[in-house]
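No experiment lies behind these values; they were computed from the predicted model shown.
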2 protein chains.
Amino acid sequence: MNQLKEALDTLKDTGVRITPQRHAILEYLISSMSHPTADEIYKALEGKFPNMSVATVYNNLRVFREVGLVKELTYGDASSRFDFVTSHHYHVICEECGKIVDFHYPGLDEVEHLATHVTGFKVANHRMEIYGTCPDCSAKEVH
Amino acid sequence: MNQLKEALDTLKDTGVRITPQRHAILEYLISSMSHPTADEIYKALEGKFPNMSVATVYNNLRVFREVGLVKELTYGDASSRFDFVTSHHYHVICEECGKIVDFHYPGLDEVEHLATHVTGFKVANHRMEIYGTCPDCSAKEVH
DNA sequence: TATTACATTGTAATTGTTATAATTAGTTTA
DNA sequence: TAAACTAATTATAACAATTACAATGTAATA
């Protein structure tokens, strides 16, 4: 059940070199249990790697995405967030503070099927997010 | 059932001044029946308004969004697309050519309810998109 | 008309991300 | 092991979408 080990194995299997930086980025993604931005990862690791480049973070997040280890969550102009892929889940996002909470729900297969049928698209996947206000921010709003 | 007229009424009701630029942007959004980027709108109207600024387009799209006339569709680094709000619908997006097709489907209320229950969020709305390959691009892929 | 509030314009600034070139590290082959 | 090659990292410049700002214009109000 060691997620990091499994991830490293995936890299090895797909012929992606395991560098100290990659190791650290993966480790951070898994252990932080959050959905950090590239910059947050960069900042978090600059203690251990004082001369790591932001480009390295971006490059490797792209590599991880291509291999399927990581999902990129994009929101308009704000910066992307990166989610280590464990099981299939959706996200609930607080519009006040930006907090992201995982939300397990069976895949929306029916929607995909109908879309295939109606539009003639070869459907590959979908994206769903739920927006609202988290309990903390709701509490603060009482004035 | 004149959408433009209704939209203008909405602006009037909410005290938003109706300028020639705003009129033109709305008109374009409605008549084009597409999901243009800010730049596409800008380019489309530069014949009629040779010295309109891009900032004006962005400003007014924001105003329209705040009033609820327009929805902004954001995709990571690529530019946002703007959708005149008619009825509730979802989008099916071609990953090859970027084409966006409207897809009518009853709202995913159940998902929202469950999310409320599980996470304690005050759920406001959700976003769902379906990704795949459109018939045109599928046809081209046969080699 | 004078005053005020709102819109538009042009441009500069910002920000997240990517491209590029040089350097370093690792792997393969002779 | 050395040489040759490939991949990864770094630093920095470039890019593109969007926003901020200050100046100007236009409309509403008193």
K.L.:
Any ion pair linking A/Asp39 and A/Lys43 (charged N to carboxylate O, less than 4.0 Å)?
P.N.:
yes
K.L.:
Can you tell me the distance, in whole Å, between the CG atom of A/Asn51 and the C1' atom of D/dT12?
P.N.:
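Atom-to-atom, A/Asn51 to D/dT12, this comes out as 15 Å.
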K.L.:
Are there over 12 heavy-atom neighbours, none belonging to A/Lys71, within less than 6.0 Å of that residue's NZ?
P.N.:
no
K.L.:
Quick one: are the ring centres of B/Tyr131 and B/His91 less than 6.0 Å apart?
P.N.:
no
K.L.:
Could you tell me the separation between the CG atom of A/Leu61 and the P atom of D/dT9, rounded to a whole number of Å?
P.N.:
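Interatomic distance, CG of A/Leu61 to P of D/dT9: 12 Å.
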K.L.:
May I have the distance from B/Phe49 (atom CZ) to D/dT26 (atom C1'), rounded to whole angstrom?
P.N.:
14 Å
K.L.:
Reckon B/Asp39 touches a base, only the sugar-phosphate, or nothing at all at heavy-atom distances under 4.0 Å?
P.N.:
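The answer is nothing, as B/Asp39 stays clear of every strand by at least 4.0 Å.
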K.L.:
Mind calculating the distance between CD (B/Glu46) and P (C/dT9) to the nearest angstrom?
P.N.:
13 Å
K.L.:
Specify the separation, in whole Å, of atom NZ of A/Lys43 and atom P of C/dT15.
P.N.:
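Distance, rounded to whole Å: 11 Å.
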K.L.:
Let me spell it out: for each of A/Asn59 and A/Phe82, pick the nucleotide of DNA chain C with the closest heavy atom. Which residue's pick is nearer the 5' end?
P.N.:
A/Phe82
K.L.:
Under 4.0 Å between a side-chain N/O of A/Ser80 and OP1 or OP2 of C/dT17, yes or no?
P.N.:
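For C/dT17, OP1/OP2 do have a side-chain N/O of A/Ser80 under 4.0 Å.
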K.L.:
Which residue lies toward the 5' end of DNA chain D, B/Val54 or A/Gly15, if each is placed at its nearest nucleotide?
P.N.:
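Its nucleotide being nearer the 5' end, the pick is A/Gly15.
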K.L.:
Can you identify which nucleotide, out of D/dT10, C/dA7, D/dA20, has its nearest atom closest to the B/Arg22 side chain?
P.N.:
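Of the options given, the side chain of B/Arg22 lies nearest C/dA7.
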K.L.:
Between P on C/dT9 and CG on B/Leu45, what's the gap in Å once rounded to a whole number?
P.N.:
11 Å
K.L.:
Considering only C/dT9, C/dT17, D/dT12, which nucleotide approaches the side chain of B/Gln21 most closely?
P.N.:
C/dT9
K.L.:
Measure from CG on A/Leu11 to P on D/dA8 and round the result to the nearest Å.
P.N.:
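Computing the A/Leu11:CG to D/dA8:P distance gives 10 Å.
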K.L.:
What is the separation between atom NZ on A/Lys12 and atom C1' on C/dT27, rounded to the nearest whole Å?
P.N.:
15 Å
K.L.:
So, the side chain of B/Thr56 versus the backbone of B/Met52: is there a donor-acceptor pair under 3.5 Å, distance only?
P.N.:
no
K.L.:
Go through C/dA7, D/dT9, C/dA25 for me and flag the one nearest to the A/Thr19 side chain.
P.N.:
D/dT9
K.L.:
Phosphate oxygens OP1/OP2 of C/dT18: is one of them under 4.0 Å from a side-chain N or O of A/Arg62?
P.N.:
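It does not, given that no N or O in the side chain of A/Arg62 lies less than 4.0 Å from OP1 or OP2 of C/dT18.
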K.L.:
Using ring centroids (six-membered ring only for Trp), state whether B/Tyr90 and B/His126 fall under 6.0 Å.
P.N.:
yes
K.L.:
Nearest heavy atom decides the nucleotide; on that basis, is A/Pro20 or B/Asn60 closer to the 5' end of DNA chain C?
P.N.:
B/Asn60
K.L.:
Hey, is the side chain of A/Arg17 poking within less than 4.0 Å of OP1 or OP2 on D/dT6, counting only N and O atoms?
P.N.:
no
K.L.:
Taking only side-chain N and O atoms of A/Tyr58, does any of them lie within less than 4.0 angstrom of OP1 or OP2 on C/dT18?
P.N.:
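False: A/Tyr58 side-chain N/O out of range (4.0 Å or more) of C/dT18 OP1/OP2.
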K.L.:
Using a 4.0 Å heavy-atom cut-off across all strands, classify A/Thr56 as base, sugar-phosphate, or nothing.
P.N.:
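Base, at least one base heavy atom under 4.0 Å.
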